[in-house]
Amino acid sequence: MDADWLPFHPDPKRPDFALPPDAIDAHCHVFGPGDVFPYAPERKYTPCDAGKDALFALRDRLGVTRNVIVQATCHGADNRAMIDALRHAGGRARGVATIRPDVPDEDLHAMHEAGVRGVRFNFVRRIADPKPDSHYHRIIERIAPLGWHIVVYFEAADLEERHEFLTSLPTIVVVDHMGRPDVTKSPDGPEFRRFLNFMERDNVWTKVTCPERLSKQPPPGYADFIPFARTVVERFPDRVLWGTDWPHPNLNMVGHMPDDGALVDLIPTFATTADLRQKLLVDNPMRLYWGDAA
């Protein structure tokens, strides 16, 4: 792994907050292990190994029932590690893949059978190389027959630049990490208001995730993150998801590794009622990722 890489927390606490039955971690990853599932030659970072067994152990420790495993950029469009985790999850995991426009139909159908239900478009330049819009539209044409949705990862400043493309997408669009707002600013300010206006579109969802990545305040409270998360959860209760982001890639830029149990304990600070938590943690991700199995 990279010399400055921060490995995931080796012994996270058991949360004090009891998750509701059937709670779902709707944003997590698997890395390798590299000797079984090699990292992509074009990767921009080399992580510690963090395979399916470690993910499933964390799932059980936190009291989570299911996972949504998002393809990690360190694996590029080689989805084998993620697919392997899905196939060993006993129906308790779904996946979000990274694909190229020329992926064979049989590969797409195999991914769907394994549990993939979406593709991810990454526009964060320090960890990916964004492509022309035509590249993504070709992918959308490929996934349309499968009914998959699109997950997008961008930073707050990118929303204006990408707005025309993002509002043209015909599927459900799930935005990672609330579009990475600058939480040192006001949640009532123009930058976050632009994101909230984007969320007014009925097909747009978001993940209320990554306080450890967004906050400028120390753990475990991440107090500056809370008003942003609470605003989104209360305004769009039927289109929000939560996840750990385990094993927390690229936190060397932040300087600390969170305790995943403490991240669970943070949930009631922004999803302040049992009804909001039920939607955030159970009803919404079940509808989006397991709806076809209902």
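For Glu200, the CD atom is densely surrounded, since the number of other residues' heavy atoms within 6.0 Å is greater than 12. Other residues, nucleotides and ligands contribute more than 12 heavy atoms inside 6.0 Å of the CD atom of Glu106. Around atom CZ of Arg87, more than 12 heavy atoms belonging to other residues, nucleotides or ligands sit under 6.0 Å away.
For the pair Tyr289/Val116, no side-chain contact is recorded, criterion being any heavy-atom separation below 4.5 Å from C-beta on. Thr209 places none of its side-chain heavy atoms less than 4.5 Å from the side chain of Asp245. Proximity of Thr206 to Phe236: side-chain heavy atoms (C-beta onward) are nowhere separated by under 4.5 Å. Counting heavy atoms from C-beta outward, Pro130 and Tyr136 have side chains that approach closer than 4.5 Å. Contact of the Arg66 side chain with the Pro285 side chain is not registered, since no non-hydrogen atoms from C-beta on lie closer than 4.5 Å. In this structure, the side chains of Ile99 and Ile143 come closer than 4.5 Å at one or more pairs of heavy atoms. Between Phe154 and Val175 there is a side-chain heavy-atom pair separated by less than 4.5 Å. Taking the side chain as every heavy atom from C-beta outward, Arg213 and Pro249 approach each other to under 4.5 Å.
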Stepwise, does the salt bridge (Lys or Arg N to Asp or Glu O under 4.0 Å) test hold for Lys13 with Asp265? CA-CA 10 Å; Lys13 63 173 286 189; Asp265 287 340; 2.7 Å; yes
Output, in order, the C-alpha distance, side-chain angles, deciding distance and verdict of side-chain contact (heavy atoms from CB on, under 4.5 Å) for Leu55 and Cys28. CA-CA 8 Å; Leu55 174 62; Cys28 52; 3.9 Å; yes
Test salt bridge (Lys or Arg N to Asp or Glu O under 4.0 Å) on Asp102 and Arg100; report intermediate values, then the result. CA-CA 5 Å; Asp102 59 355; Arg100 299 187 178 98; 5.8 Å; no
For Ile24 and Arg92, run side-chain contact (heavy atoms from CB on, under 4.5 Å): C-alpha distance rounded to whole Å, both residues' side-chain angles, the deciding distance at 0.1 Å, then the answer. CA-CA 9 Å; Ile24 296 169; Arg92 297 170 64 187; over 6 Å; no
Should Glu155 and Arg162 be marked as a salt bridge (Lys or Arg N to Asp or Glu O under 4.0 Å) after you check the CA-CA gap, both sets of side-chain angles, and the distance that decides it? CA-CA 10 Å; Glu155 298 184 296; Arg162 297 281 178 179; over 6 Å; no
Does the side-chain contact (heavy atoms from CB on, under 4.5 Å) test come out yes or no for Phe270 and Leu280, once each step is laid out? CA-CA 11 Å; Phe270 55 81; Leu280 174 72; 4.0 Å; yes
Would Phe17 and Ile267 satisfy side-chain contact (heavy atoms from CB on, under 4.5 Å), going step by step from the backbone distance to the final call? CA-CA 8 Å; Phe17 169 63; Ile267 293 170; 4.3 Å; yes
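Phe37 forms part of a hydrophobic cluster together with Val36, judged by ILVMFWY side-chain heavy-atom separations under 4.5 Å. Under the 4.5 angstrom side-chain criterion for Ile, Leu, Val, Met, Phe, Trp and Tyr, the cluster partners of Val254 are Leu6, Leu251, Met257.
The distance from the CZ atom of Phe123 to the NZ atom of Lys131 is 10.0 Å, given to the nearest 0.5 Å. Atom CG of residue Leu288 and atom CG of residue Leu241 lie 6.0 Å apart, to the nearest 0.5 angstrom. Atom NZ of residue Lys279 and atom CG of residue Asn284 lie 7.5 Å apart, to the nearest 0.5 angstrom. For the atom pair CD (Gln278) and CG (Leu19), the distance works out to 11.0 Å, reported to the nearest 0.5 Å. Rounded to the nearest 0.5 Å, atoms CZ (Arg180) and SG (Cys210) are 7.5 Å apart. Taking CG of Leu166 as the reference point, atom CD1 of Ile150 lies at 9.0 Å (rounded to 0.5 Å).
Residues Ala77 and Gln71 approach most closely at C-NE2, 4.4 Å, considering heavy atoms. Taking both residues in full, the closest heavy atoms of Trp5 and Cys48 are given as NE1-N, 3.3 Å, listed atom of the first, atom of the second, then distance. For the residue pair Cys74 and Arg43, the shortest heavy atom distance occurs at O-CB, 3.8 Å. Nearest heavy atoms, Ala50 versus Trp246: CB-CH2, 3.5 Å. Counting all heavy atoms, side chain and backbone alike, Arg59 lies closest to Asn67 at CD-OD1, 3.2 Å. Taking all atoms of both residues into account, the shortest heavy-atom contact from Asp260 to Pro12 is N-CB, 3.9 Å.
Electrostatic pairing of Asp129 and Lys44 counts as a salt bridge here, judged by a charged N lying under 4.0 Å from a carboxylate O.
Between the side chains of Lys207 and His177, no donor-acceptor pair of N or O atoms lies under 3.5 Å. For His149 and Asn203, the side-chain atoms include no donor-acceptor pair closer than 3.5 Å. Remark: the Thr184 side chain and the Asp182 side chain contain an N/O donor-acceptor pair separated by less than 3.5 Å. Side-chain N/O atoms of Asn197 and Arg194 include no donor and acceptor closer than 3.5 Å. Using a 3.5 Å distance cut-off with no hydrogens or angles, the side chains of Asp25 and Thr244 do pair a donor with an acceptor.
Across Asn250, Asp2, Thr73, a single residue satisfies side chain to side chain donor-acceptor pair (under 3.5 Å) together with Tyr45, and that is Thr73. Of the candidates Ile140, Ile172, Leu108, Thr171, Leu108 is the only one forming a side-chain contact (heavy atoms from CB on, under 4.5 Å) with Trp148.
Residues Tyr153 and Leu159 fall into different hydrophobic clusters, defined by Ile, Leu, Val, Met, Phe, Trp and Tyr side chains chained together at heavy-atom separations under 4.5 Å. There is a path of hydrophobic side-chain contacts, each under 4.5 Å, that joins Phe195 to Val151. One hydrophobic cluster, built from ILVMFWY side chains closer than 4.5 Å, cannot hold both Val124 and Ile139; they sit in different ones. Note: the hydrophobic cluster containing Ile127 does not contain Ile69 (ILVMFWY, side chain heavy atoms under 4.5 Å, direct or indirect links).
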Just list the side-chain donor-acceptor pairs under 3.5 Å for residues 214-225, sequence neighbours left out, or say none.
unit_1	atom_1	unit_2	atom_2	d
Ser215	OG	Gln217	N	2.9
Ser215	OG	Gln217	O	3.2
Ser215	OG	Asp224	OD1	2.4
Tyr222	OH	His256	NE2	2.7
Asp224	OD2	Lys216	N	2.8

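In this structure, Thr272 contributes its side chain and Thr269 its backbone to no donor-acceptor pair below 3.5 Å.
Applying the salt bridge (Lys or Arg N to Asp or Glu O under 4.0 Å) test to residues at least two apart or on different chains, none of the pairs has a partner in residues 26-39. Residue pairs satisfying the salt bridge (Lys or Arg N to Asp or Glu O under 4.0 Å) criterion with at least one member in residues 114-124, sequence neighbours excluded, are listed as follows: Arg117-Asp292, Arg120-Asp176. The salt bridge (Lys or Arg N to Asp or Glu O under 4.0 Å) contacts involving residues 137-148 comprise Asp105-Arg142, where partners must be two or more places apart or lie in separate chains.
Between His29 and Phe31, the ring planes are parallel. Angles under 30° get that label, and only those over 60° would be called perpendicular. Between His137 and Phe165, the ring planes lie perpendicular to each other; the angle is over 60°, past the 30° to 60° tilted range.
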